[in-house]
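Comments concern the structure below.
Just so you know, these numbers use all the heavy atoms, side chains as well, and skip hydrogens, waters and symmetry mates.
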Amino acid sequence: MNAHKYIMKTFLSVVTLSGVAGISACSTTGTAPNSTGATTLSDSSIFANVNELDYSASLEQATIAAGDMLDIKVFQADELSGKVRVDTNGQISLPLIGALTVAGSSPIEVENQLKVLLGQKYLQNPQITVFMENFTNQRITIEGEVKKPGVYPITGSVTLLQSVALGEGLSSLADDKKIVLFRRIGEKTKAYHLDLNAIREGTMRDPYLRGDDRVIVHRSDSRYWLRETATLLSPLSTLNTILR
C-alpha cells in the first residue's frame with residue numbers, strides 16, 4: 001500500500017512539473033511573435049533613415065510660380081538688377097530682355113537663361129544670381145493631433161518644429177514622439193519617424209520640409225500607429241511584408 005502511494009505521488013509530481021513546463025513553453029512561444037512583430041514594425045521596413053532628410057535650407061529645390069518675388073542681381077550692371085514679381089502669366093519683364101517666362105523653373109534655371117540671353121548681345125561672361133523671396137506654390141500638409149490641421153503654404157524655409165507652429169501647436173492628446181513625415185521621392189513615398197521632444201532637446205536635428213510633404217502627429221494612446229503608417233506608406237506591399 002505504501003509502495004502504491006509512493007508511485008502515485010511520484011507520477012502526479014511528474015505530471016505537474018510537465019504541465020508547468022508546458023505552460024512556460026507556451027508562454028514563451030506566445031510572446032515571441034509579438035516581440036518580433038514590434039521589431040518589424042519599427043525597423044527600416046517602414047521608416048527610412050532620418051539622415052536622408054534636409055538639414056540646411058536649400059532655395060534651389062523650389063520652383064517659381066505666379067506671385068513670387070525674384071531678386072535678380074547682375075554683377076557690374078546695377079541697372080539690370082532689381083526685384084521683380086512674377087505676373088499671373090508666369091512671366092517677368094526685364095530691361096533689354098523683355099518678357100521672360102519663369103514659372104515652373106528653379107532660380108538656378110532662370111540664372112542660366114539670363115546668362116545666355118544677356119551674354120549673346122550685351123555682356124561678356126555675365127555673373128547673375130536669382131533669389132526667390134516667396135514660395136507661394138510650395139505647400140505642406142499637417143494632420144493629426146495639432147490644434148489646427150490643414151494645408152499650409154511655405155514661405156521661405158520651414159523646419160518640422162516651425163510646421164507644427166503653423167498648426168498652432170500640438171493638441172493635448174498628441175504624442176511628440178510619434179511624428180511621421182511622409183515625403184514623395186520620384187515614384188516612391190518614404191516615411192520618417194521623428195521625435196519633437198528630442199529635437200527640442202537637441203539630440204535630434206530639426207529637418208527642413210519640402211513642398212508636398214505630409215506630417216502626421218499621432219495620439220499618445222494610439223496602439224496601432226505603426227500599422228497605420230505602414231498602410232499609408234504602401235497599402236499592399238508593406239502590409240504583406242509585415243503579415244508574412
Side-chain angles (χ1 to χ4, degrees), residues 48 50 52-143 148-168 181-192 194 205-216:
V50 294
E52 297 176 0
L53 295 174
D54 311 312
Y55 295 100
S56 59
S58 177
L59 300 177
E60 297 178 9
Q61 294 174 346
T63 55
I64 299 167
D68 286 339
M69 179 72 76
L70 303 183
D71 186 359
I72 300 173
K73 295 187 183 302
V74 182
F75 295 92
Q76 298 179 338
D78 292 340
E79 65 278 7
L80 301 177
S81 303
K83 295 183 179 182
V84 57
R85 189 173 295 279
V86 183
D87 65 22
T88 55
N89 295 320
Q91 296 182 326
I92 57 175
S93 182
L94 299 174
L96 303 180
I97 294 175
L100 177 67
T101 299
V102 295
S105 300
S106 68
I108 291 293
E109 290 171 334
V110 175
E111 285 179 12
N112 292 333
Q113 278 186 286
L114 294 176
K115 287 177 182 177
V116 171
L117 293 172
L118 291 175
Q120 287 175 343
K121 296 182 179 180
Y122 307 106
L123 299 173
Q124 184 175 0
N125 191 25
Q127 301 299 308
I128 302 168
T129 61
V130 176
F131 178 78
M132 184 163 54
E133 293 188 349
N134 295 38
F135 302 104
T136 56
N137 64 324
Q138 302 293 304
R139 290 174 172 80
I140 57 174
T141 302
I142 312 296
E143 300 179 48
K148 191 178 178 182
V151 179
Y152 293 91
I154 299 177
T155 302
S157 299
V158 174
T159 67
L160 179 69
L161 276 177
Q162 291 170 333
S163 74
V164 171
L166 289 175
E168 299 185 1
L181 166 63
F182 291 91
R183 174 170 294 173
R184 186 80 173 173
I185 302 176
E187 297 299 317
K188 186 177 182 181
T189 298
K190 291 189 175 184
Y192 301 87
L194 299 166
R205 293 182 293 174
D206 189 11
Y208 284 92
L209 301 187
R210 297 180 187 174
D212 298 325
D213 277 355
R214 181 183 183 188
V215 176
I216 298 181

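- Counting heavy atoms from C-beta outward, Leu94 and Leu114 have side chains that approach closer than 4.5 Å.
- The two atoms that bring Val74 and Ser81 nearest to each other are N-OG, 2.8 Å, heavy atoms only.
- Around atom NZ of Lys115, more than 12 heavy atoms belonging to other residues, nucleotides or ligands sit under 6.0 Å away.
- The side chain to side chain contact (heavy atoms under 4.5 Å, CB included) check on Ser93 picks up nothing, with sequence neighbours excluded.
- Residues Ser105 and Val110 approach most closely at CB-CG2, 4.0 Å, considering heavy atoms.
- For the pair Ile64 and Ile92, the minimum side-chain heavy-atom distance is 4.5 Å or more.
- Among residues two or more places apart in sequence or in another chain, the side-chain hydrogen bond (donor to acceptor under 3.5 Å, both in side chains) test is passed with Glu168 by none.
- Panel note: side chain Arg85, backbone Gly67; a donor-acceptor pair is recorded below 3.5 Å.
- For Lys83, the salt bridge (charged side-chain N to carboxylate O under 4.0 Å, His left out) test picks out Glu133, with sequence neighbours left out.
- Take Ala191 and apply the side chain to side chain contact (heavy atoms under 4.5 Å, CB included) test, not counting sequence neighbours, and it matches Phe47, Val180, Phe182, Thr229, Leu233.
- Glu52 is linked by a side chain to side chain contact (heavy atoms under 4.5 Å, CB included) to Ala48, Asn49, Lys190, Tyr192, counting only residues two or more places apart in sequence or in another chain.
- Legend: residues meeting salt bridge (charged side-chain N to carboxylate O under 4.0 Å, His left out) with Arg183, ordered by chain and number and at least two apart, are Asp54, Asp213.
- Closest approach of Thr101 and Gln91 over heavy atoms only: OG1-NE2, 3.1 Å.
- One finds the CZ atom of Arg210 at 13.5 Å from the CD1 atom of Ile140 (value rounded to the nearest 0.5 Å).
- If you take CG on Asn89 and CG on Asp87, they are separated by 5.0 Å, rounding to the nearest 0.5 Å.
- For Val164, the side chain to side chain contact (heavy atoms under 4.5 Å, CB included) partners are Leu170, Leu196, not counting sequence neighbours.
- Judged by distance alone, with hydrogens and angles left aside, the side-chain atoms of Asp68 form a donor-acceptor pair with the main-chain N or O of Ala65 at under 3.5 Å.
- When the side-chain hydrogen bond (donor to acceptor under 3.5 Å, both in side chains) test is applied to Asp206, the partners found at least two apart in sequence or on another chain are Thr159.
- Here Arg205 contributes atom CZ and Ser56 contributes atom OG; the two are 9.5 Å apart, rounded to the nearest 0.5 Å.
- Annotation: the span from Arg214 atom CZ to Ile142 atom CD1 amounts to 11.0 Å, rounded to 0.5 Å.
- In this structure, the salt bridge (charged side-chain N to carboxylate O under 4.0 Å, His left out) partners of Glu187, at least two apart in sequence or on a different chain, are Arg184.
- Judged by distance alone, with hydrogens and angles left aside, the side-chain atoms of Thr141 form no donor-acceptor pair with the main-chain N or O of Val151 at under 3.5 Å.
- Without hydrogens or angle criteria, Glu143 side chain to Ile216 main chain gives no donor-acceptor distance under 3.5 Å.
- Once rounded to the nearest 0.5 Å, the distance linking CG of Leu209 with CG of Leu166 reads 9.0 Å.
- What you find for Ser163 and Val215 is that their closest heavy atoms are OG-CG2, 4.5 Å.
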Would you be so kind as to tabulate the donor-acceptor pairs closer than 3.5 Å made by side chains of residues 116-128, with sequence neighbours excluded?
residue, atom, partner, partner atom, Å
Asn125, OD1, Gln127, NE2, 3.4
Gln127, NE2, Asn125, O, 3.3

